[in-house]
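Scroll down for the structure; my scribbles are underneath it.
We count residues from 1, following the sequence as given. Below, all heavy atoms of this structure are taken into account, side chains as well, without hydrogens, waters or symmetry copies.
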Amino acid sequence: MRFFTPFQSAIRSFVSSLQQRLGTTGFSTPNPAALPSSFATNNPGGIRGVWITTTDSKVLTSKERIAEGMNFLADTGFNTVFPIIWSQGYTAYPSKIMREKFGVEIDSRYQGRDPLAEICVEAKRAGLKVIPCFEYGFVSSYNRKGGHLLAKKPEWTARDASGNLLKKNNFDWMNSLDPEVQDFVLGLMLEVAKNYPVNGVQGDDRIAFPVEGGYDEKTVKRYREECGKAAPSDCKEQHWVQWRANIITEFVARLHREVKAINPDLLLSMSPSPYDWGLVEYLQDSKAWVDKNLVDLLHPQFYRRDFNAYKQLVDKMMSGQLSGQQVKCVSPGILLTNRGSKYSITPELLLQVIAYNRSQGIQGEVMFFYEGLRDNDNALAKVLKKGPYAR
């Protein structure tokens, strides 16, 4: 891609050295190249992205599958991959932080490998950008009573009004408002930003906090000290909601600041729930994030299964959340498939959604997820390649 030409020699040098080291752990080469900050606003094709998951997908299970996947995506017309590297309390790269705090350096499925390093090599070779996604954010486990993270760090447990472990939709939550928990998640994201030649890092819809949380002793004490009153028993009381949401916003601001300190060209990408549902239910004030210039790319998860429902989310965002130049940072998330419900988007609906994005000045989107492109003999990929993603 033309906008990346000045960095090709640096990338080739990095790839050459990395290919000799992929059998080792502790990958720590500094960023030799990063995506120019102009990409978010000046790339005429916009973000054409796809999430690569650690569940319901085999892409990350071998270097060969990663290479094949990157070739396939580049040939289809994509320009950015968002590999999920933080899920179920484990990383998909060798993490010094995880080794020191929890004695588990990497997800056992990838022992002896470094899938993130392999993706960096193969994606760059294919001309794709890499923005790793920290899918689980402040979530410790899925329906496992907090899993190994909270077993080791029970003081990190989020609590509901009854004092129980905070669960929502079967996800078990760490306390997103606790400075120590924030330092941990921030550390993982900065570890990747510092040590891999990525183009940015991404927080998913779990850089958030369920509105039912915040009733642990530490947070209740902090609220009383700062606000001079007890935390309301009504978890959706307006001031209590905004006070907690502001703490999440402060975390995003710190994340943005520290990512840029590593390299100003690194992008902070966030993929929140749609506003303002995300604020009311998960304390994600994504409007404030955009207004305060805390994010470079925003991928609201507009996971709707019919055109009118998708259109309503776009229209609401365009009329109530964004203004003027802000739309240039937005590439909505589109649901291709949901293995749990066996849902798959039709080619007709996918084309209709993309066409509506363009009609509203939205120049890109991110697909959830890779395997949906491969279903039915690559049907959706073929439609994209012949249509809106044609070169």
Side-chain angles (χ1 to χ4, degrees), residues 133-139 158-161 166-169 171 173-179 181-182 185-186 202-216 219-220 222-223 226-227 229 231-256 268-304 309-324 326-327 329-335 362 366 368:
C133 174
F134 290 77
E135 181 190 26
Y136 263 52
F138 292 115
V139 165
R159 302 287 178 185
D160 62 20
L166 179 62
K167 293 175 64 73
K168 192 160 184 168
N169 298 325
F171 289 100
W173 283 78
M174 296 182 284
N175 184 4
S176 312
L177 310 181
D178 187 323
V181 174
Q182 291 190 352
V185 174
L186 179 75
Q202 181 180 79
D204 204 71
D205 63 334
R206 298 180 193 105
I207 297 296
F209 198 43
V211 70
E212 295 85 358
Y215 292 94
D216 59 285
T219 303
V220 167
R222 178 178 174 183
Y223 184 77
E226 292 186 10
C227 303
K229 56 184 177 181
S233 58
D234 176 8
C235 67
K236 292 189 176 182
E237 191 271 332
Q238 186 174 359
H239 183 269
W240 175 229
V241 166
Q242 195 61 57
W243 181 83
R244 289 172 294 163
N246 289 346
I247 296 176
I248 302 298
T249 297
E250 289 165 7
F251 173 81
V252 175
R254 181 183 171 200
L255 174 59
H256 184 263
L268 178 58
S269 160
M270 297 294 286
S271 182
S273 300
Y275 185 84
D276 57 354
W277 186 88
L279 173 60
V280 172
E281 292 294 331
Y282 283 94
L283 307 178
Q284 292 181 313
D285 195 349
S286 56
K287 185 179 189 305
W289 302 351
V290 174
D291 289 343
K292 295 172 184 284
N293 295 314
L294 304 182
V295 297
D296 300 298
L297 300 172
L298 192 73
H299 312 293
Q301 296 181 9
F302 288 176
Y303 294 168
R304 297 298 182 266
Y310 182 88
K311 179 179 181 295
Q312 287 175 8
L313 287 176
V314 171
D315 292 348
K316 182 178 180 181
M317 177 181 68
M318 300 298 288
S319 64
Q321 183 179 1
L322 303 178
S323 61
Q326 290 178 340
V327 69
C329 80
V330 177
S331 305
I334 297 175
L335 181 65
I362 298 171
V366 184
F368 188 86

Original post:
Under the side chain to side chain contact (heavy atoms under 4.5 Å, CB included) criterion, do R159 and T219 qualify, and how do the steps go?
Top reply: CA-CA 10 Å; R159 302 287 178 185; T219 303; over 6 Å; no

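- Ion pair K316/D276 flagged as a salt bridge, since at least one NZ, NE, NH1 or NH2 atom sits closer than 4.0 Å to an Asp/Glu carboxylate oxygen.
- To the nearest 0.5 angstrom, I247 atom CD1 is 13.0 Å from D285 atom CG.
- In plain terms, the two heavy atoms of Q321 and S286 that are nearest each other are NE2-OG, 3.2 Å.
- Here the closest non-hydrogen pair linking N175 and F209 is OD1-CZ, 3.6 Å.
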**OP:** Begin from the C-alpha positions of R222 and W243 and carry the test side chain to side chain contact (heavy atoms under 4.5 Å, CB included) through to its verdict.
**Re:** CA-CA 11 Å; R222 178 178 174 183; W243 181 83; 3.8 Å; yes

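- Inter-residue side-chain proximity for I362 and P332 is flagged as met; some heavy-atom pair is nearer than 4.5 Å.
- Side-chain atoms of S271 and V366, non-hydrogen and from C-beta on, never get closer than 4.5 Å to each other.
- Looking only at side-chain heavy atoms (C-beta outward), E250 and Q182 stay at 4.5 Å or farther from each other.
- The distance from the CG atom of D216 to the CG atom of L177 is 7.5 Å, given to the nearest 0.5 Å.
- To the nearest 0.5 Å, atom OH of residue Y136 and atom CG of residue D204 are 10.5 Å apart.
- Taking the six-membered ring for Trp and thresholds of 30 and 60 degrees, Y282 and W173 have ring planes inclined between 30 and 60 degrees apart.
- Scanning all heavy atoms of the two residues, the minimum distance from V185 to G137 falls at CG2-O, 3.7 Å.
- The side-chain tip of R304 does not point at the ring of Y310 from less than 6.0 angstrom away and within 45° of straight on.
- Side-chain polar atoms of Q242 and N246 form a donor-acceptor pair below 3.5 angstrom.
- Side-chain contact between P272 and W289 is present, with at least one heavy-atom pair separated by less than 4.5 Å.
- A distance of 8.5 Å separates CD1 of I207 from CD of Q284, quoted to the nearest 0.5 Å.
- Using a 4.5 Å heavy-atom cutoff, the side chains of M270 and L294 are not in contact.
- The distance from atom CG of L283 to atom CD1 of I248, rounded to the nearest 0.5 Å, is 6.5 Å.
- Every residue two or more places apart in sequence or in another chain that forms a salt bridge (Lys or Arg N to Asp or Glu O under 4.0 Å) with K287 is listed here: D291.
- With contacts defined as side-chain heavy-atom distances shorter than 4.5 Å, the pair E281/S273 does not qualify.
- L298 has its side chain out of reach of Q326: every pair of non-hydrogen atoms, C-beta onward, lies at least 4.5 Å apart.
- Closest approach of V295 to H256, counting heavy atoms only: N-CD2, 4.2 Å.
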Subject >> Test side chain to side chain contact (heavy atoms under 4.5 Å, CB included) applied to K168 and V211, step by step >> reply: CA-CA 10 Å; K168 192 160 184 168; V211 70; 4.2 Å; yes

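- Judged as a ring pair (Phe, Tyr, Trp, His ring centres under 6.0 Å), and not counting sequence neighbours, the contacts of F138 are F251.
- A donor-acceptor distance shorter than 3.5 angstrom exists from the side chain of D296 to the backbone of L268, with no hydrogens or angles considered.
- The environment of CD in E226 is crowded: more than 12 heavy-atom neighbours from other residues, nucleotides or ligands sit within 6.0 Å.
- Of all heavy-atom pairs between M318 and V327, the closest is CE-CG2, 3.6 Å.
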**OP:** Kindly indicate, with the supporting measurements, whether the criterion side chain to side chain contact (heavy atoms under 4.5 Å, CB included) is fulfilled by H239 and Y223.
**Re:** CA-CA 11 Å; H239 183 269; Y223 184 77; 2.9 Å; yes

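- Side-chain contact between C235 and Y215: present, with at least one pair of heavy atoms (C-beta onward) separated by less than 4.5 Å.
- Among all heavy-atom pairs drawn from R244 and G213, the shortest one is NH1-O, 2.6 Å.
- Going from atom CG of L335 over to atom CZ of F302 covers 13.5 Å, rounded to the nearest 0.5 Å.
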